[in-house]
Every structure is written in structure tokens, then in C-alpha cells.
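Have a look at the structure below, then the notes.
Chain identifiers are assigned alphabetically (A, B, ...) following the order of the sequence lines, protein sequences preceding nucleic acid strands; residue numbering begins at 1 within each chain.
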Protein chains: 2
Amino acid sequence: MSSATITDVAQRVGVSVATVSRYLSGFNVRQRDEIENAIHELNYRPSAAARNLKSGRTATVAIVVPDISNPFFAAIASGAEAAAGPDYMVLLVNSGAVREREEKILGQLFGRVDGVILSPLQEDNEGPSFFSKYGLPIVFVDRITADADKFDSVLVDNVKGARLATEHLIALGHEKIAIITGPLHTTPGRLRAEGYTSTLKREKIALQKRYLIESDFTREGGYASMVKLLEDPIPPTAVITGNNLMSIGALEALKEKQIRIPEDISIIGFDDLEFPTLIEPGLTAIFRPWHEQGAEAMRALLARIAAQAAHTELSPQHHMVDVHLIERGSCAPPKGLPARSKG
Amino acid sequence: MSSATITDVAQRVGVSVATVSRYLSGFNVRQRDEIENAIHELNYRPSAAARNLKSGRTATVAIVVPDISNPFFAAIASGAEAAAGPDYMVLLVNSGAVREREEKILGQLFGRVDGVILSPLQEDNEGPSFFSKYGLPIVFVDRITADADKFDSVLVDNVKGARLATEHLIALGHEKIAIITGPLHTTPGRLRAEGYTSTLKREKIALQKRYLIESDFTREGGYASMVKLLEDPIPPTAVITGNNLMSIGALEALKEKQIRIPEDISIIGFDDLEFPTLIEPGLTAIFRPWHEQGAEAMRALLARIAAQAAHTELSPQHHMVDVHLIERGSCAPPKGLPARSKG
DNA sequence: AGAATTACTGAGAACGATTGCAGGAGCGTA
DNA sequence: TACGCTCCTGCAATCGTTCTCAGTAATTCT
């Protein structure tokens, strides 16, 4: 019932465990056929736990993300997986955007993986760097922590993306531009807001605090934030949404309130939608290669692991993924919304 | 640099490793404060590998799915995770719809997890049941293998869903009804086709083989299949799409060819879209609770693990998730497509 | 034929934890 | 003081591998 061990195989063939072990690692052994048979007959599988323990290597890496339901992170995972090659098993773990879970997961992963690609929940979280004190290679993707300069990272050019979006709207004549951004204690939340505010400043448009809404990267958050903006006595004429899910939520709110795009309001998403052609009008968006960003993170991790194995010094590598603006139909010059009726 | 072991902790405090181990497992020990300090100072983390090896338990379960980019599987994973509770770490592994990968993954997972939730790639795949010979609890979700009656499973009522869709179209007056289904060697592919054909038969509508298109559950497959249907000399007046991604692909094809829904063609999706309100007209769809299906699978797995631990006999449990039809705007009585122009 | 080289083999010590067992310290009771 | 009881402790075996080391058989060289 319970699984056979290498000893069982060795006994059945009449060789030592060392020989079976050697056979398993690809060395030449005299009774290779007999061993192969015995393995099949006994349904033998090497115990991963025992292997890890002895060798210290796991041939496994993990990707820890805040929300696996977000297609962005699913794509990051796919990209990373594709870049991992056949030698590594890639595990995906969802921290569910709960800080204690993230910390617990990192602890549990320790000793079971050779490295981790992490999208940390908060920039002020010391868990990851604390974690890496144990010598576990770690690469930040999309988000970093405060001391991240000491670690590898693969970020997107958040500031540039937000700048492109803001400039695009300003060029169209908008001045009442709002942004629905992610939590300011996350990297993309903070930097996209920064790109927005710095561009406004440079263009000499006064920042209206009520136009800068800190939300939570969820569809519900995007919906609620857009509703809030629409209820403003002087609603914005254009809105930048800070990630794909919030774009969807915001679009849902607009549709529900029957606000026309782009006639009544312009909207730009940071991150393109997955299926951009199906909705009408198409969402003008800041594009970046999701899959490639994941792949880049995996390459960085494998390089880090290799460096560690070779005891080579390797300074922290910081990769930056470029963005560009894709114009579709969701932006137009402002005409202003009708004045808000009471009730 | 490298991580401290339980021996280091024990030495620093001046107790035996057994005492430290007991402290870690929650027993009363005299020098608990000293041990706690030493653990912090040394950054000690128990080695998961060593623990596994000795105890045989891993406090970990895995979910193996064909395509993590498919929101359906992401939702299954979320649901399963939510049902797992804090005692288990949940790993997500992507088989990428490659059979050899699936087999390899199951092998690698052996010894690192207490159980697996699997959505197998093919019904004729013996890997999983072979795998379970090792005594590893396994629960099939959404898909099964040929000998699956011996294992737990959580399926959706595929036949009923396809029947509801087909009946709905027939009731509207359609007779030229096509289906774009998944691979017939997968459970949902086969059973959804079966629900479609059996309903046609019962309603005495002759099955047109060219209206039954076997595709591959991808957006690209849905797109290509729809294009193929539209090129038919006598195109169907209604189409059932066999999963969410193929629905999207099919809709993209229709949009590109400027075929109006539902005036020119009616369409029903098996599985609702993630953001159903944003596209126009809304897609009439067969709905099932994704998240709940994942949760059910996890409950089944935990029950199986518990039964195994208690050496209790537990007959295979087969759960069936119900479906219903959600009417939106994508279906109408047939009017026929304009005759196909050459070129 | 004898020496040197090659190619494989088995014994046994790790890896880092858990756990059964026997024993010792501390306490209460007679 | 002597005894028993409880509570904690350390020793050592163990989990299933890998890997070093020394040794043996087979082969080649002189």
C-alpha cells in the first residue's frame, strides 16, 4: 500500500541502495535492467523529502502573488513558468492579499524551494528581506519592499505609464483628471499616483486631492471609486484607472449609470484588458508585456540561484519593463458632465 | 549565512535537540524563553524537508490544473484555497495542457503534499490512478479519467447544461444549431457534446456533423471554429460555445466579421463570462458556481485525507454541481444569415 | 605474468528533524 | 527521611535519500 523505498528496490534486485541511487542519477550500473524492472514492479518513487534533506536542492521554485484571480498575475505566472524550463517545477502560491498569510507562506516555503518570485503585499513589509537572510534567492516582481535595492526586481515603468496616460488626457484638453490608484503602500499604487501628480505639476494643473482616489486593485474597489467620483459636485472629465480589475469595475459603474464613453467621460486604464476588442468603445490603455515580465523574473531568479550555487558574487539586478499607450475609443476632448442633480 | 538548524539552537541554549523540538511542537519546557530568544537570534526555521521525512505529513495540498490563465481554474483554485483553512498550504501547479508535464508534476509532487486536486488532461490518462496507487489522496475536479469511479470527483452537470442551452435555442425556433466543444477526450468536451446531440435527437432534429466542432478550450480555438462555421455554405443560426475562453474567441470572430448578435446569429456560452455586463449584448450563458466547485473539491480532499489518516474506509464520493441558464441578450429567433458571398 | 588503469560496487556516515524510552529533579505525603 | 508521583529531560534510533571512501573485478599495458 504505502510506497516502496529505495531499500526495497535494492533488496529485490540484490544490490546495495547506493547502486540504485546511482542508477537513478544516471550513472552506469551493471544491473540496470533488473533495477528498472524492480522499480516498475514495486511502483517505486523517490521521496522528495528525503532527497531535499540530503541534497539541499529541490528543483522547485515558487511564485507568490497577492491574487491569482487577477489575469495579470496569472500571466506573470505563465510567463515565469515558460522561462523555467523542464528542470524546475514551478509552484504558484496565493497570498490572498493578507499580510500574515504571505509571511506564513514564505516560512512554509523555506526548505521546499530553491528560490521565490514574490510580489510583496506592502512596501513596508520586512518579511521578505528577513526571509532572504536565510539565503533563499528571491526576486521581486511588479512590487517591491522598502529595502528592495538589495534584491533583484523586475518592475514596470509605472511612472512613465502614468505620465503617458496623464499627458494624453491633457493633450486632449482635460484638466479635471482623476486617478483611481491602488494602495499607496504598494509599489504600483504609489508610483502610478506619483507619475500622475508629477505630470500634473509639470503641466501646471493644480492637484485636486479628491481626484486622487486610493483604492485596492479590485473590481469592487474600482466600481466604488468611480461611483464616488461621479457623485462629486464637480466630477472629473477623465479618469485613469490604476489596474485592470479597477478598470473593469469603473467601466461597470459607468455603464450602470449610463454615462457615455468618451462623450461624457474619458477613461484610460493602466494595463490593457485581457480581451480588449469585445467591449465598446475599446479602452485606451497603458500596455506592458505581462508574460514577458514573468519570464524576465524567472530568468533573474535562475541567474541568482546559479550564482549562489557557484558562490559567485552578483549585484542586485533591477529590470524595468517598458510601457506604451494604446489608443482605442475611450478618450475624447472634454465636454463636461451635466451638473449633478440632487438625490 | 546558511540557515541554522535545531542543533545550533540547542547548543546555544545548552539543551538537547529533543527539548527544542518539543518546544516547537508546543510542549512545556523549562527554558522556553531562552529557546525562543535563540531561535530569533539565529533566524532559525525548521527544515520542511526534514520534518516531512520524519513525520510523513506535509500540511500541504496541491491543485493541478491545465491552464491557470483560464479564469475558471483560477476561481477553482481560489475556492479550494478558501476551503482549505489555515492548517494547509495550498500549492497551485499548471500542467499547461501537456500530458507529459502532468505526469511529471504528479511524480514530483509525490512526497511533498498530503493530497492532490487534479483536473486531468485526458480521460484515457492512467497517470493519476497509477499515481494514487502510492496511496496519495486525489480528487478530480471538473474532469475525470476513465477509471474515475474509484476516486472522488466534483463535476458539473455538463449534460444538463448542454441540454438547457440546446433546448433554449430550439424553443426559440432554431434548428441549425452548432456547438463548439472542447476536445472529446476531456470530460467537459465529451459530455457537453453528448448533452447537445442527445437533446437534438430527442427533439428530432438531425445532427449535422459539420455543426459539431471539436476545438480545444482556448480563445484561439473558439475564434477559428467560429470562422469555420461562418464559412459553411449553410451557416448555423445559433452556436453553443463549450467554455468561457472559446466564447470569447467566438465573439471576437463575430465582431470582426461584423455579424450581429442576436439578429444574425444567436450564441450561448457554457460557463458565464467573468465580466458579463461589459459586453453588448450580454451573453446568454450556462452558469455554475466556480468558486464553490473548488471549495467542494477541497472539502472532499480533506475528508479523504482524514479518512486515510484514521484508517477509515470511505467509498469514493462523486459530487455534482448544478447549473442553470442565465438569459441575456445574445439569443433571438432565427432569421438566417445572408447567403455567403464568394471570396 | 605482473603492474597499472579503469569501471563499478557496498558500507556507512551524513542531512535535520521527531519520538519512544529510561532516568532525574522537584514536589507532596506518610 | 523515605516513598511515590508528576513533569521534564537527554539519548539514540529513525525517516529515505545522497555521497565519500575504500575495495574488487575486469581490462589494458609493459
Side chain to side chain contact (heavy atoms under 4.5 Å, CB included), that's the test. Do A:V93 and A:I63 meet it? Break it down for me. CA-CA 6 Å; A:V93 194; A:I63 308 176; over 6 Å; no
Distance check needed: D:dC8 C1' versus B:R32 CZ, whole Å only. 15 Å
Taking only N and O in the side chain of B:R51, is any of them less than 4.0 Å away from OP1 or OP2 of C:dG16? no
Between A:R30 (CZ) and C:dA7 (P), how many Å, whole number? 12 Å
Using whole Å, what does the distance between atom C1' of nucleotide C:dA14 and atom CG of A:N52 come to? 16 Å
Give a yes or no on whether a salt bridge exists between A:R299 and A:E296, defined as a side-chain N under 4.0 angstrom from a carboxylate O. yes
No-hydrogen, no-angle side-chain donor-acceptor test under 3.5 Å, A:N52 and A:T58: no
Using a distance-only test with no angle check, is there a side-chain donor-acceptor pair under 3.5 angstrom linking A:D152 and A:Q317? no
Tell me yes or no: between the side chains of A:T187 and A:E123, is some donor less than 3.5 Å from an acceptor? yes
If an axis is fit to five pairs at each end of the helix from C:dA1-D:dT30 to C:dA30-D:dT1, what is the angle between the two, to the nearest 10°? 50°
Quick one: label B:N28 by what it contacts on the DNA or RNA (base, sugar-phosphate, nothing), any heavy atom closer than 4.0 Å. sugar-phosphate
Rounded to whole angstrom units, what separation is found between the CZ atom of A:F110 and the C1' atom of C:dA17? 13 Å
Proximity to DNA chain C (any heavy atom under 4.0 Å), residues of residues 17-27 of chain A only: A:A18, A:T19, A:R22
Salt bridge check: are B:D114 and B:R304 linked by an N-O gap of less than 4.0 Å? no
Rounded to whole angstrom units, what separation is found between the CZ atom of A:R112 and the P atom of C:dG16? 17 Å
In whole Å, what is the span from the NZ atom of A:K54 to the P atom of C:dG16? 9 Å
Stepwise, does the side chain to side chain donor-acceptor pair (under 3.5 Å) test hold for A:R30 with A:T19? CA-CA 9 Å; A:R30 269 194 270 278; A:T19 301; over 6 Å; no
Does the side chain of B:V61 come within less than 4.5 Å of B:I305's, by heavy atoms? yes
Assuming nearest nucleotide by heavy-atom distance, tell me which of B:A50 and B:S16 is located more 5' along DNA chain D. B:S16
Short side-chain donor-acceptor distance under 3.5 Å, B:R143 and B:S153: no
Could you tell me how far apart A:D8 (CG) and D:dG16 (C1') are, to the nearest whole angstrom? 10 Å
A:L53 has an atom CG; how far is it from atom C1' of C:dA13, in whole Å? 13 Å
